[in-house]
Trainee: 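Structure provided below as structure tokens; questions to follow.
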Amino acid sequence: MSRQKLHNQTPLLIRNALDLTHNFKPQSKSNPLCLPQKSPAKLSTNLIKAYFNNGLIKQARQLFDEMPDRDVVAWTAMISGYTACERYNSAWVMFKDMMREGFDCPNAFTFSSVLKACKGMKSGSCGGSCHGLALKCGFVGGSIYVDNALLDMYATCCVSMEYACLVFGQIPVKNQVSWTTLITGFTHRDDGLAALEVFRQMYLEEAEQNPYSFSIAIRACAGVGSHTYGKQIHVLVIKLGFDLNVPVMNSILDMYSKCNCFHEAHTCFNEINEKDDISWNTFIAGYAKTDPMKSLHLFLQMESQGCAANCFTFSSIIAACTNLSALTCGQQVHCRIFKTGLEQNLPLANSLIDMYAKSGSVQDSRRVFGEMWFRDRVSWTSMMTAFGSHGYGPEAVELMTQMVNSGINPDMIVFIAVLTACSHAGLVDQGLSFFKLMTSKYKINPSQETYACVIDLLGRDGRIKEAYDMIRSMPFDPDESVWAAFLGACKAHGQPVTAAARQVLDLKPKRSGIYVTLANMYAAEGKWDDRAKMRDVVNSLGEKKVAGRSWLEVHDQVYSFVAGDGGGLHIEPVYWVLGALGRHMVQQIDVTREGT
DNA sequence: TGCTCGACCA
């Protein structure tokens, strides 16, 4: 290979090394490059590591295969290299091959590397066998690295934290990593309180504090929604001088956003001197639900300050557009996604389908879906839901067939999507056959929500008796969502408040909507005393009824208003168009009737 | 100078 060709194909790190050696003038024939005397195995291991650091996995493997004298260090470099590149299975196979060759014993480095691979594979059984071997070799309790890696593996792979806690308890001298790993284990399985208890213990035992344990402890505060704990830890962060650490500040920012403390979040954001993309993404995501407009403004600000948006940014921005139901704004964001080359990012494409459907353009949803190179179950479900919510029942049903033909089996969510679509389009028998298919062919046990869909399906068609029989035949006690669907059906078809109402009341539902429905039904029958009782319950629940809000987008401006309120818009033309639409619908109904 | 463990946003 010519030197130039070699130069072009070799990563920077190795190129620099080669350039360095090239410029050396040999001083003696036995050590021509003036390099320290080193065995070929050591040089090869160095090179393997360099290859992995530069993502050249194949080259690393080739070099390893060509090594005549592979020792435990070379094997370990391969295992940790594969793990660093997220090729966990390859790392595991390496470890097994190493054990099979059997001439060299794994050391502490090997065990901590292979345990990390087990963690990556989420395989507690592989990790367990490593644990056994490590015990046999005397590394458990003998190397803090192995102990910590074991702890992390059990915390990540097991259903409970039991084994992780056992390992933690047996570590002779715990270090910062041990504590942080345990806190992380609890936090990542949504047990923030346990995580905070460990954090407190760490503090009481005067373990040396470090930014890692703080960022995860603050995430635990966000998880339990406690800005009180969060603030206390924030104070400690300032006291210890960790407020210059960006990940710590990012987690504080996230904590305040998730606890709806936007004033504090704002202050925190301004105090981060070297904001990274995570700082921006956290802040943008924090506002996506509560103030989507603010979210969009922050996005523009982020770009103007030279921070590039990535898939996480767009994920939040799409959520903001969805919450605004602002179609043109969503389309512009979609354009930006194209320009960034992220249009085939699966989660993004899936949320675009949802965004377009909720912004009123099922055509755009369909186009995004059609242009996807890969589709997962979420893609299909999103498209079915999009069709269903726009009344395209047959299209949703057709999609179900296509999905199955493409090799994806439906799950409960898919069935709920297709049942809802059938319900909205009046495809009752079609829907019922899907319900049968779900249990008979796919062996999925229907949930309360699934039954609620089917009751809704029957109810909308006026098949009240069948709906009631189905409720009676359910294998568990129906919850309020099922009864709500049934009551809705009774109300829609002018059925009297039957025994069903008493059954509903026995459940003591917490959703005020059910009592409102019942109150209205009693009113329709002239049972004013019962109606008054229902209204009392609604008031006692103290749930403030949120007014139904509408959005209108005119010239890039979104106007939001409730009934009787103009929302800052000249309301007269709106009423005029509404009136015209109403007259048009009446005409259409008349035409249809004349035709039949 | 041959190989090892822990954090923040979606």
Side-chain angles (χ1 to χ4, degrees), chain A residues 17 35-36 38-50 52 64 67 70-84 94 98 104 106-117 119 134 139 143-153 155-156 167 171 174-185 187-188 195 199 202 210-222 242 245-255 257-258 268 272 275-286 288 310-319 345 347-348 351:
Chain A
L35 290 172
K38 204 187 250 184
S39 73
K42 286 185 182 178
L43 282 171
S44 306
T45 313
N46 265 338
L47 206 49
I48 285 174
K49 197 185 175 191
F52 273 119
F64 178 78
M67 277 177 76
R70 292 179 290 208
D71 59 6
V72 62
V73 184
W75 281 101
T76 307
M78 286 303 291
I79 294 168
S80 69
Y82 274 129
T83 307
M94 258 293 135
M98 175 184 174
D104 213 345
N107 60 22
F109 291 78
T110 322
F111 278 115
S112 39
S113 302
V114 76
L115 281 166
K116 196 174 177 180
K119 173 194 170 188
F139 292 118
S143 156
I144 187 69
Y145 282 94
V146 176
D147 287 338
N148 289 342
L150 259 177
L151 167 57
D152 197 17
M153 183 277 297
T156 311
V167 171
I171 300 177
K174 300 161 185 56
N175 67 7
Q176 300 170 3
V177 180
S178 325
W179 286 101
T180 310
T181 309
L182 190 66
I183 299 170
T184 308
T187 308
H188 283 179
F199 181 73
M202 178 182 182
N210 66 99
Y212 283 82
S213 59
F214 274 86
S215 43
I216 191 66
I218 294 157
R219 183 177 152 173
C221 297
F242 294 145
N245 180 293
V246 179
V248 170
M249 290 309 276
N250 287 344
S251 60
I252 292 177
L253 176 62
D254 183 52
M255 181 271 298
S257 300
K258 289 213 170 102
C268 176
I272 307 176
K275 299 174 183 53
D276 62 6
D277 54 338
I278 296 182
S279 319
W280 283 101
N281 289 346
T282 306
F283 207 31
I284 290 173
N310 62 20
C311 57
F312 302 127
T313 323
F314 285 119
S315 171
S316 305
I317 289 298
I318 296 172
N345 178 294
L348 283 189
S351 46

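Each chain gets a letter, A, B and so on, in the order the sequences are listed, and its residues count up from 1.
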Trainee: Classify Asp276(A) by what it touches in the nucleic acid, base, sugar-phosphate, or nothing, heavy-atom distance under 4.0 Å.
Mentor: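 If one applies the 4.0 Å heavy-atom cut-off, Asp276(A) turns out to touch nothing in the nucleic acid.
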Trainee: Within this structure, what is the CZ-to-P distance between Phe283(A) and dA10(B), rounded to whole angstrom?
Mentor: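 Interatomic distance, CZ of Phe283(A) to P of dA10(B): 14 Å.
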Trainee: So, does the side chain of Thr282(A) form a donor-acceptor pair with the base of dC9(B) at under 3.5 Å?
Mentor: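 Side chain to base: no pair present.
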Trainee: Does Asp147(A) reach a base, just sugar-phosphate, or nothing at all? Heavy atoms under 4.0 Å.
Mentor: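 No contact.
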Trainee: Which part of the nucleic acid does Ala217(A) contact within heavy-atom distance under 4.0 Å: base, sugar-phosphate only, or nothing?
Mentor: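 Counting heavy atoms under 4.0 Å across all strands, no contact is made by Ala217(A).
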Trainee: Applying a 4.0 Å non-hydrogen cut-off, can you work out what Ala285(A) is touching in the nucleic acid: base, sugar-phosphate, or nothing?
Mentor: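 Result for Ala285(A) = sugar-phosphate.
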Trainee: Send over the distance from Phe214(A) CZ to dG6(B) P, rounded to a whole Å.
Mentor: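 Computing the Phe214(A):CZ to dG6(B):P distance gives 20 Å.
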Trainee: Mind calculating the distance between NE2 (His188(A)) and C1' (dG6(B)) to the nearest angstrom?
Mentor: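 From His188(A) NE2 to dG6(B) C1': 10 Å.
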Trainee: Answer yes or no: is there a side-chain heavy-atom contact under 4.5 Å between Tyr212(A) and Gln176(A)?
Mentor: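 They are not in contact (no side-chain heavy atoms under 4.5 Å apart), so the answer is no.
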Trainee: Output the rounded distance in Å from CZ (Phe139(A)) to P (dC5(B)).
Mentor: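 Value for this atom pair: 16 Å.
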Trainee: Parallel, tilted or perpendicular: which describes the rings of Phe139(A) and Phe111(A), with under 30° parallel and over 60° perpendicular?
Mentor: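 Tilted: the ring planes of Phe139(A) and Phe111(A) meet at 30° to 60°.
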Trainee: Heavy atoms under 4.0 Å, any strand shown: does Lys174(A) hit a base, just sugar-phosphate, or nothing?
Mentor: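 Counting heavy atoms under 4.0 Å across all strands, no contact is made by Lys174(A).
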Trainee: Could you grab the distance from atom CE of Met67(A) to atom OG1 of Thr45(A), nearest 0.5 Å is fine?
Mentor: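 Between atom CE of Met67(A) and atom OG1 of Thr45(A) there are 4.5 Å.
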Trainee: Atom CD1 of Ile183(A) and atom P of dC8(B): how far apart are they, to the nearest Å?
Mentor: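 That distance rounds to 12 Å.
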Trainee: Indicate, yes or no, whether a donor-acceptor pair under 3.5 Å links the base of dA10(B) to the side chain of Ser315(A).
Mentor: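 Under the 3.5 Å cut-off, the side chain and the base do not form any donor-acceptor pair.
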Trainee: To the nearest angstrom, how far is Leu115(A) atom CG from dG6(B) atom P?
Mentor: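 About 11 Å, once rounded to whole Å.
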Trainee: Between the base of dG2(B) and the side chain of Asp71(A), is there a donor and acceptor pair under 3.5 angstrom?
Mentor: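 Yes, the side chain and the base share a sub-3.5 Å donor-acceptor pair.
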Trainee: Write down the distance between OH (Tyr145(A)) and C1' (dT4(B)), rounded to a whole number of angstrom.
Mentor: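 Rounding to the nearest Å, OH of Tyr145(A) and C1' of dT4(B) are 7 Å apart.
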Trainee: For Phe64(A) and Trp75(A), I'd like to know if the aromatic rings sit close, meaning centre-to-centre distance below 6.0 Å.
Mentor: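 Centroid separation for Phe64(A) and Trp75(A): below 6.0 Å.
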